[in-house]
J.: 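One structure, as structure tokens, below. Some questions next.
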Amino acid sequence: MPLDSNSTDPRELVIIGAGIIGVALAEQLQHRGHQVTLVDRDSPGRGCSYGNAGHFATDVVLPLANMKTILSVPKLLLDPLGPLSIRWGYFPKVLPWLLRFAVAAAPANVEKSCQHLRALNGRSIESYDRLLGRTGLTDLMTKRGALTVYERPDSVGRNRATVDLLREYGVEIESLSGDEVRALEPALGKGVVGGLFFPRTAHTANPYRLVTALADRFQNSGGEILQEEVVGLQQTADAMDVRLSSGRSIRSRRLVIATGAWSKVFAEQLGYKVPLDTERGYYLMLPQPGTNISRPLVSFERSFVMTPMEEGLRLAGTVELGGLDAEPNFARADILFDHAQSLLPDISNTGAHRWMGFRPSLPDSLPVLGIAPHHPRVAFAFGHQHLGLTQAAITAELLADELEGKAPEIDLSPFSIKRFQ
């Protein structure tokens with residue numbers, strides 16, 4: 001059922017969710033001549049998109065589900081401040097997700113996930129070039145690559161198999177000595193003994209401003225943004241009814257669910273079971289870091305990332321499985337400064353502030369993309385885990401093609417919600 005750009009009543013298309021995925025899709029469809037309404041309970045970009053690491057991580061083609069992660073689960077349960085932790089009280093609820101995660105970690109399944117992640121990430125930068133070029137926002141993507149740094153000489157050998165695998169999947173990587181790393185980033189201390197340079201990645205100095213600037217351009221070009229909470233969905237003969245907390249409903253010929261970690265509820269209302277959970281991600285923002293870096297830096301041993309931004313230096317990357325309701329454990333943000341201080345001796349945490357957000361995650365590390373199997377008026381675009389920023393522009397192009405009845409550049413069937421039914 002291709003989009004009907006001549007439809008005025010009901011609305012032609014409604015997108016629920018105004019994070020980077022929903023906003024990029026709204027702009028893409030508007031660019032193609034469609035009338036789009038964007039609905040979110042918050043203003044654009046205030047959810048997970050607000051606090052991400054700002055890294056267009058095209059090098060991340062290995063799924064979180066792998067045997068190395070599975071073998072580390074007992075340790076994760078004992079270390080509440082580790083790079084990946086599980087809250088004891090949430091363990092029974094997340095256990096079904098973890099069982100699916102274990103299945104996804106089988107070597108054959110990991111290989112498939114790698115192929116599909118590479119298909120998306122390998123097109124990421126070029127799709128952003130098109131998006132930011134036509135919207136006049138090219139200053140919001142900086143192409144200086146990214147670094148992974150080593151603090152222990154044996155880390156080179158420990159990481160060699162992963163590096164070889166990444167290269168097999170087309171990721172360009174340059175191996176560097178400690179001096180070569182410091183030549184790129186002089187603020188790094190002598191404890192850094194080597195590293196890897198990923199020249200084909202990029203970053204944004206303000207992920208929140210990226211979303212809001214795209215939303216402003218969408219709205220200024222005639223797009224509609226409603227800040228209201230969606231409480232229910234219902235299919236009728238010729239439209240989808242979207243019920244709002246204000247008591248009113250809006251009708252749309254087509255509907256896209258792009259509500260991140262909250263998408264599971266809407267999928268279930270339509271009869272689809274999806275094992276969506278949330279990686280609770282933390283950041284520590286340093287507005288006066290006292291030192292400068294010019295590109296994202298990832299610590300191999302400490303599993304966190306530092307990204308230079310307009311507002312200072314952002315430290316991010318820890319993951320906690322704890323659901324949507326538990327109070328934040330901001331000690332997970334504070335520990336990031338200790339890690340950063342080991343790499344950047346002159347760093348300062350003066351005026352530091354903390355944040356926690358919800359990354360929508362599926363066991364196989366792949367998003368749900370495409371038209372719903374039993375609801376041709378509905379499409380899904382959620383579950384991008386910690387790659388939402390990276391995959392937003394290419395997701396928008398691929399899903400817009402499918403909504404228009406065209407064959408997307410890559411096959412979307414591996415991303416269909418049908419894989420969980």
Side-chain angles (χ1 to χ4, degrees), residues 1-8 10-40 44 49 56 116 119-137 210-211 213-225 239-240 242 252-260 263 266 366-373 375-384 387-417:
M1 183 186 297
L3 288 172
D4 177 7
S5 59
N6 296 317
S7 174
T8 57
R11 287 170 168 82
E12 183 189 354
L13 192 142
V14 169
I15 300 172
I16 311 174
I20 185 61
I21 300 294
V23 170
L25 180 58
E27 188 283 332
Q28 176 67 221
L29 289 164
Q30 183 187 67
H31 171 66
R32 298 186 184 200
H34 302 288
Q35 295 297 314
V36 182
T37 298
L38 197 57
V39 184
D40 199 304
S49 298
F56 299 99
H116 302 322
L120 291 177
N121 292 354
R123 293 165 169 81
S124 170
I125 300 298
E126 290 76 11
S127 62
Y128 265 106
D129 284 337
R130 292 186 285 271
L131 169 61
L132 301 180
R134 68 172 172 267
T135 54
L137 298 173
L210 172 58
V211 180
L214 287 172
D216 287 345
R217 280 153 178 75
F218 165 74
Q219 197 166 31
N220 292 338
S221 298
E224 181 183 24
I225 299 179
M240 290 296 300
V242 180
S252 179
R253 295 185 63 82
R254 300 297 292 271
L255 176 71
V256 179
I257 297 171
T259 45
S263 300
F266 296 117
L366 302 179
V368 169
L369 301 176
I371 294 172
H375 296 77
R377 296 189 183 279
V378 178
F380 299 116
F382 65 82
H384 294 74
L387 293 172
L389 176 68
T390 303
Q391 297 171 352
I394 187 60
T395 289
E397 292 181 352
L398 296 170
L399 194 55
D401 282 343
E402 187 164 77
L403 287 166
E404 290 186 325
K406 303 173 184 176
E409 183 181 357
I410 65 173
D411 180 16
L412 292 186
S413 61
F415 307 99
S416 172
I417 202 169

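Counting from 1, the numbers follow the sequence of the chain as shown.
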J.: Can you name the closest pair of heavy atoms from Ala18 and Val211 and give their distance?
T.: O-CG1, 3.9 Å
J.: Between Arg11 and Glu224 (salt bridge meaning N to carboxylate O under 4.0 Å), is one present in this structure?
T.: yes
J.: Does any N or O in the side chain of Ser127 come within less than 3.5 Å of the main-chain N or O of Ile394, such that one atom is a donor and the other an acceptor?
T.: yes
J.: Please list, chain by chain and in numerical order, all residues satisfying side-chain hydrogen bond (donor to acceptor under 3.5 Å, both in side chains) with Ser416, sequence neighbours excluded.
T.: none
J.: Go through the structure and list residues passing side-chain contact (heavy atoms from CB on, under 4.5 Å) with Ser263, not counting sequence neighbours.
T.: Ile257, Thr259, Leu276, Phe382
J.: So which heavy atom on Ala381 is nearest to which on Ile21, and how close?
T.: O-CG2, 3.7 Å
J.: Can you tell me which residue among Val14, Val378, Leu403, Ile16 is in a side-chain contact (heavy atoms from CB on, under 4.5 Å) with Val256?
T.: Leu403
J.: When you measure from the side chain of Arg377 to the backbone N and O of Met240, does any donor-acceptor pair fall under 3.5 Å?
T.: no
J.: Using only atom types and a distance under 3.5 Å, with no angle test, would you say the side chain of Glu12 pairs donor to acceptor with the backbone of Gln35?
T.: yes
J.: What pairs with Gln30 under side-chain hydrogen bond (donor to acceptor under 3.5 Å, both in side chains), at least two apart in sequence or on another chain?
T.: none
J.: Do Leu120 and Ile410 have side chains that approach each other closer than 4.5 Å (heavy atoms only, starting at C-beta)?
T.: yes
J.: Can you name the ring-ring contact (aromatic ring centres under 6.0 Å, His included) partners of Phe56, sequence neighbours left out?
T.: Tyr128
J.: Are the side chains of Asn220 and Arg217 in touch, meaning some heavy atoms are under 4.5 Å apart?
T.: no
J.: Please report the shortest heavy-atom distance between Leu399 and Ala379, naming the atom on each side.
T.: CD1-CB, 4.2 Å
J.: Nearest heavy-atom pair of Glu402 and Gly370: which atoms, and what distance?
T.: OE1-CA, 3.0 Å
J.: Distance check, rounded to the nearest 0.5 Å: Glu409 atom CD versus Arg123 atom CZ?
T.: 4.0 Å
J.: Do Ile20 and Leu214 have side-chain heavy atoms sitting under 4.5 Å apart?
T.: yes
J.: Is the backbone N or O of Pro376 less than 3.5 Å from a side-chain atom of Arg254, with the two atoms forming a donor-acceptor pair by type?
T.: yes
J.: Not counting sequence neighbours, which residues clear side-chain hydrogen bond (donor to acceptor under 3.5 Å, both in side chains) with Asp40? List them please.
T.: none
J.: So, applying side-chain contact (heavy atoms from CB on, under 4.5 Å) with Ile417, which one of Ile371, Leu369, Val368 is it?
T.: Val368
J.: Just to verify, what does His31 make a ring-ring contact (aromatic ring centres under 6.0 Å, His included) with, not counting sequence neighbours?
T.: none
J.: What's the shortest heavy-atom distance between Ala400 and Gln28, and which atoms?
T.: CB-CG, 3.8 Å
J.: If you look at every heavy atom in Ala215 and Ile225, which pair is closest and at what distance?
T.: O-CD1, 3.9 Å
